[in-house]
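Below is one structure, written out as C-alpha cells, with a few remarks after it.
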Protein chains: 2
Amino acid sequence: MPMSDIYSRMTERSMQEPTLLLLTALADAPRHGYSLIQEIAKISDGRVKVRTGTLYSALDRLLQQGLIRIERDEVIDGRARRTYALADAGRATLAAEADRLRAVVAEADRRLSTIRPTARGALA
Amino acid sequence: MPMSDIYSRMTERSMQEPTLLLLTALADAPRHGYSLIQEIAKISDGRVKVRTGTLYSALDRLLQQGLIRIERDEVIDGRARRTYALADAGRATLAAEADRLRAVVAEADRRLSTIRPTARGALA
DNA sequence: CTATATATATCGCTCATCGGCATATGGCGT
DNA sequence: ACGCCATATGCCGATGAGCGATATATATAG
C-alpha cells in the first residue's frame, strides 16, 4: 500500500494571492489569459507578475472547480484567443474570500495598535 | 550540473494565511507555540486549525527571517515552554501585508459591485 | 533580420502547508 | 491502575500552488 493512498486531500487550502487576483480581474468583465496577466499586474500596482505557468494551470484548476467558465474561443489576427468569465460559484467564492481577508486585516490592525506593556520606554 | 543548482529561490512568495495569522497572533503579546494554535483558531473563528508541523516549521522560518524572536524559555509544571515575540521587522511586514490585502479586497469589492452589461435579465 | 508584443501551453522544481506520528507531563474519570 | 484529554514541542513524508524556463506561432516596429 503506497503512501499516496494514505495521504489524500482533505482540506482546501486558503487561496493564494495570484488566484485571488485572477478572480478579482475577472469580476468586472470576461478576459483572455494574456490580458489577465496585465490586469493582475495593474491591480497589484505592478507587484504581482503572474507567470504563464501559474496562469494557465490556475485557469485549468479553476475551470475544474467550476469557479470560472470559458466564455468563447476566437481567432484574432491569426492568434487563438480563449476568453474566460467568472462563474456564479467563483463570484460567491471571491466575495467570501474578501470577507475573510477583511476580518483578518481588521484583527491585525487592532492588535498592531494595542499598547504593549512590554514596550521599551513606554508608559512614561 | 544538477537542476537544483539552476533553480534557486528568486522571489519571495506572498504570505499564506497560516503565517499571516501567526504574525497577527503575536502582534499584541508574546505567546508560546501551543497557545498560538489556539489563538489562530480564535482569530479565524475556528476556520484555521494550524498543525504543529506547520507551526513549528513556520516559527523556525520566521526566526530565520528575523520577523520574530525568542522571548524566553521556561519550564512550567515540568513542561518546556518557548515564548516567541514579534520583532520590529515582523511588525513592519505584518503592517505592509495588511495594507496590500486591504487594497486587493477593496478592488475585489469594487469589481464585484460593477454592473455587468452581459448580466442576464439585468438593465430592466 | 531581429526584437518586442500578443497569445497559449507544458515541464521540472521549490517550499509552505498538511496529516500523522513520537514524546513527555499533569489532571480527571472510572 | 489504566485510559483519555489537555498541554507542549518537534520531525517526517506527501501535496499542490506557484515559479522559472522553454516552445510555438503571428504581427508589428526598427
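Below, read A as the first sequence line, B as the second, and so on, with proteins coming before strands; counting in each chain starts at 1.
In this structure, B:Leu23 places its CG atom 15 Å from C1' of C:dT17, rounding to the nearest Å. Following rounding to the nearest Å, A:Ile76 (CD1) and D:dT28 (P) show an atom-to-atom distance of 13 Å. Counting to the nearest Å, the C1' atom of C:dC15 and the CD atom of B:Gln16 are 9 Å from each other. A straight line from CG of A:Leu55 to P of C:dC11 spans 17 Å, rounded to a whole angstrom. Here the P atom of nucleotide C:dT8 and the OH atom of A:Tyr56 are 4 Å apart, to the nearest Å. What separates CG of B:Asp77 from P of C:dG27 is a distance of 6 Å, to the nearest Å. Following rounding to the nearest Å, A:Glu17 (CD) and C:dA16 (P) show an atom-to-atom distance of 16 Å.
The phosphate of C:dA16 has neither OP1 nor OP2 within less than 4.0 Å of any side-chain N or O from B:Thr19. Contact annotation: B:Thr54 side-chain N/O to C:dC18 OP1/OP2 distance is under 4.0 Å.
For B:His32, taking side-chain heavy atoms from C-beta onward, the closest of the listed nucleotides D:dA6, D:dT9, C:dA5 is D:dT9. Residue B:Arg79 places its side chain closer to D:dA6 than to any other of D:dG18, C:dT17, D:dA6.
Place A:Gly53 and A:Ala80 on DNA chain C by their nearest nucleotides, and A:Ala80 ends up nearer the 5' end.
Within residues 84-96 of chain A, no residue has a heavy atom under 4.0 Å from DNA chain D. A heavy-atom distance below 4.0 Å to DNA chain D is reached by these residues of residues 34-50 of chain B, ordered by number: B:Tyr34, B:Gln38. Residues from residues 59-67 of chain A placing a heavy atom under 4.0 Å of any atom in DNA chain D, listed by number, are A:Arg61.
In A:Asp73, the CG atom is crowded: over 12 heavy atoms of neighbouring residues, nucleotides or ligands sit closer than 6.0 Å. Counting heavy atoms of neighbouring residues, nucleotides and ligands inside a 6.0 Å radius, atom CG of B:Asp60 exceeds 12 of them.
Between A:Tyr84 and A:Leu26, the closest heavy-atom pair is O-CD2, 3.4 Å. Here the shortest heavy-atom pairing between B:Ala27 and B:Leu86 reads CA-CD2, 3.8 Å.
Evaluation of atom-type donor-acceptor distances gives no pair under 3.5 Å for the side chain of B:Arg51 against the base of C:dT17. For A:Thr52 against C:dA9, a side-chain N or O and a base N or O form a donor-acceptor pair under 3.5 Å.
Proximity of A:Leu36 to A:Leu59: side-chain heavy atoms (C-beta onward) are separated by under 4.5 Å at one or more points.
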